[in-house]
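Worksheet: the structure to be examined is printed underneath.
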Amino acid sequence: MSEMIETLKAHTASFIKDSYQKELFTPQITVNKTPIDYTGDFTIVVFPIAKHVGARPDIIAEQLGNYLQKHATGITSYNVVKGFLNLSIKNSYWLQFFKQYAADKHYGFGSKQNRRVMIEYGGPNTNKPLHLGHLRNILIGYSVSEILKAAGYDVVKVNIYNDRGIHICKSMLAYKKFSKGETPESSGMKGDHLIGHYYVVYETELRKQIADLVQQGKSEEEAKQQAPLAQEVQEMLRLWENNDEHVQALWRKMNSWVYEGFEETFARIGCDFDRHYYESETYLLGKALVEEGLRQGVFYKRADGSVWIDLTSEGLDEKLVLRADGTSVYITQDIGTADLRFKEFPCERMIYTVANEQDYHFKVLKLICQKLDKPYAGGIHHLSYGMVDLPSGRMKSREGTVVDADDLISEMEKTAAEKSEALGKMELFNEQEKKQLFHALGMGALKFYILRVDPRKRMVFNPEESIDFQGFTGPFIQYTHARICSLISKADIGSVHTLVKSISEDYPMHELEKNLIRNLHEFTSIISDAAAQYNPALLANYLYALAKEYNQFYQELSVLNASRESEKYFRLILSSFTTDVLKRGLSLLGINAPEKM
RNA sequence: GGUCCGGUAGCUCAGUUGGAUAGAGCAUCAGCCUUCUAAGCUGAGGGUCAUUGGUUCGAAUCCAAUCCGGAUCACCA
């Protein structure tokens, strides 16, 4: 698409120069795809040109159309509607594109650029299992990583574990006091769920204690502070920071269970990481960097000994970076983590996939790194995504409305199984194949449902819609792909490569064939747009449109029983091209495309 | 209160430097399985693009104000 648009713009510019002796730069010229109800392939918007040269739009359009037909190659006809000049392009332009790429298994993917970017996603706390919010994070992060790879970048995927702090001690304390020494094995629970259970135990026991104290006449505030559990958990954190042997051992043991549980969930989701980072390994580094910045005068110390940075000149506030007692805060760790990462993987960008409630935090992080004069500071980018709501409103852990990721995945698989069995297409599958299929379909539905929405926007997760398999869904695209695969295997054609050569330059394309080719033609630019904007939704919407276009083509024109051999081969190659693009596009969303379903 | 983000069909969402009659899916209604997978296709109804003003040939898109919703401004992470 793009090169044709560029040549049209260039010719338009020279037309203005030749006929009106005026300069107009090509970016000021608008060339669009012609809307479907008008004849033509491309449309030049003539209004700005008319204004520039001071003539009537319809007259200019007529002259320009004439000029282009003479000077630009490949234009068969034109028509003018008001100030719009619609141009029709020779079929051979599309055919040429088709012949060039139909058999190219890398079509749409950019070549290696030798440019490295790092992307962080995931970022769970080690005190409770993954939930729906993490799922959106992971799906976006993974998909953006794959899209960046497709655009030619070297991508380092990293995770950050929030593995230390008071919240971790809460589940540890509850486990120590209230468990009978269960392990994931003995309890039959996944490690992360077991720990999450004790986190809840802590909260409920604490609330009981507070209620008791309030009944004894204490104020709410006092009760919260004086509750034995609250004091014990503070003590535990102190012990942890002082490297107390027992606390550290318990911490290691419980975290290892959580990691095992997370790994299992990551595998089910189908995401992966090149490196896991742990805040426990970077918070000291962050403190060291703050000390260094203090010496450089980037930070300042208050009377109580706490360390701050003044960002009021940047329109932000003064921000604490080190507590009076010398312990680190959230941002301190992030400074350390960023530094460690850049040492390990020098890269031109560090992308943080984190919810938009932390927009402010990342503004601060970037500014601090800039003030510390870190080479990676400019490359810090917050890939900020919106929260996930339920139809009933916001998810609240206290009200138990949080959707657990493992449960959700199981539910999706179960629904996929029910729907597939109901359609009665499962005779040819063995148990193993069924399991794989149901997983692919369930995850396809879930991933597409989440990724089709612009990441920046808040979204509503409706469980009933998310398991829908009809319409604007992942399974619809998977289905289209599977159907094409079946078509191709039935055709028993040899290599697409050799068939492509047999296509004649004057093959009379049907309108539906041409539409499909025009859609396929956009794949490259969709990938580069999605990569530039970190937006998988662009790709999701494109793939749906492509699959829909194919279904229309499929419904209207027969492929295997086409009336002529040339048609049959053309349509088979077109189908094969489409299915390749669908499959590779889906893979960038982390969605598998089964060959039969 | 300051800052940031959002408001498009009953619901969920598209709408890429301002372009032609604002598009999908779900839901509702009406058709299409004796040839390649009906998880599909065709058609119908459904809109004051939050409101008001401005910029211009032209605004859902840009600007201003207002209304509504959300986030954030923590010695929580």
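Chain A is the first sequence line, chain B the second, and so forth, proteins listed ahead of strands; every chain is numbered from 1. It should be emphasised that the depicted structure is a prediction, and the values quoted were computed from it without experimental measurement.
B:G31 sits 36 Å from B:G19 when the C1' atoms are compared, rounded to a whole Å. Across B:G6 and B:A60, the matching C1' atoms stand 14 Å from one another, rounded to whole Å. Comparing B:U16 with B:C62, their P atoms are spaced 9 Å from each other, to the whole Å. Using atom P as the reference point in both B:C63 and B:C5, the two lie 10 Å apart (nearest Å). Atom name P, nucleotides B:A39 and B:C33: the rounded distance is 15 Å, in whole Å. Comparing the P positions of B:C41 and B:A27 gives an interatomic distance of 13 Å, to the nearest angstrom. Taking atom P on both nucleotides, B:G15 is separated from B:A50 by 15 Å, rounded to a whole Å. Atom name C1', nucleotides B:G53 and B:C67: the rounded distance is 15 Å, in whole Å.
Within 4.0 Å (heavy atoms only), A:Arg452 reaches at least one base atom of the nucleic acid. A:Thr43 comes within 4.0 angstrom of a nucleotide base, judged by non-hydrogen atoms across all strands. Residue contacts shown for A:Met459 are limited to sugar-phosphate atoms, with no base heavy atom under 4.0 Å away. Using a 4.0 Å heavy-atom distance criterion, A:Asp454 is classed as a sugar-phosphate-only contact. Nucleic acid contact class of A:Arg458 (heavy atoms, under 4.0 Å, all strands): sugar-phosphate only. Heavy atoms of A:Thr327 sit nowhere under 4.0 angstrom from any nucleic acid atom. Counting non-hydrogen atoms under 4.0 angstrom, A:Tyr544 reaches the backbone sugars and phosphates but no base. Residue-level contact check: A:Phe84 touches the bases, meaning some heavy atom is under 4.0 Å from a base atom. Using a 4.0 Å heavy-atom cutoff across all strands shown, A:Asn535 reaches no nucleic acid atom at all. The residue A:Lys548 sits close only to the backbone: its heavy atoms come under 4.0 Å of sugar-phosphate atoms, none of a base. A:Pro391 comes within 4.0 angstrom of no nucleic acid atom, judged by non-hydrogen atoms across all strands. Within the nucleic acid shown, A:Leu441 comes within 4.0 Å of at least one base atom, counting heavy atoms only. Contacts of A:Val460 with the nucleic acid, taken as non-hydrogen atoms under 4.0 Å apart, involve only primed sugar atoms and P, OP1 or OP2. Residue contacts shown for A:Glu464 are absent, as no nucleic acid heavy atom lies under 4.0 Å away.
Because its glycosidic torsion is within 90° of 0, B:C33 is reported here as syn.
A:Phe429 and A:Phe438 have their aromatic ring centers separated by at least 6.0 angstrom. Taking the six-membered ring where the residue is Trp, the centroids of A:Phe84 and A:Tyr38 are separated by 6.0 Å or more. Ring pair A:Tyr544/A:Phe448: centre-to-centre distance not below 6.0 Å.
Remark: A:Arg136 fails to qualify as a cation-pi partner of A:Tyr385 under the 6.0 Å distance and 45° angle criteria applied to the six-membered ring. A cation-pi arrangement, defined by a distance under 6.0 Å to the six-membered ring centre and an angle within 45 degrees of its axis, is present between A:Arg483 and A:Tyr554. For A:Lys170 and A:Tyr202, the positive end is not near the middle of the six-membered ring at less than 6.0 Å and at most 45° from its axis.
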Evaluate A:Arg456 against A:Asn356 for side-chain contact (heavy atoms from CB on, under 4.5 Å), listing each step before the verdict.
CA-CA 8 Å; A:Arg456 286 167 302 202; A:Asn356 62 11; over 6 Å; no

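Pairing for B:U3 goes to B:A71, judged as Watson-Crick or G-U wobble with the two contacts each under 3.5 Å. As the counterpart of B:G45, no nucleotide is assigned, since no Watson-Crick or G-U wobble pattern has both distances under 3.5 Å. Under the Watson-Crick and G-U wobble criteria, each requiring two contacts below 3.5 Å, nucleotide B:C26 is paired to B:G10.
The nearest heavy atom of RNA chain B to A:Leu85 and to A:Gln555 marks one nucleotide each, and the one closer to the 5' end goes with A:Leu85. Of the two residues near RNA chain B, A:Lys363 and A:Tyr360, the one whose nearest nucleotide lies more 5' is A:Lys363.
For A:Lys301, the NZ atom sits in a loose shell: 12 or fewer heavy atoms of surrounding residues, nucleotides or ligands are nearer than 6.0 Å.
Chain A approaches RNA chain B within less than 4.0 angstrom (heavy atoms of the protein), and the contacting nucleotides run 5' to 3' from B:G7 to B:A77.
Each of A:Asn162, A:Asp192, A:Asn255, A:Asp163 was checked for a side-chain hydrogen bond (donor to acceptor under 3.5 Å, both in side chains) with A:Thr126, and the lone residue meeting it is A:Asn255.
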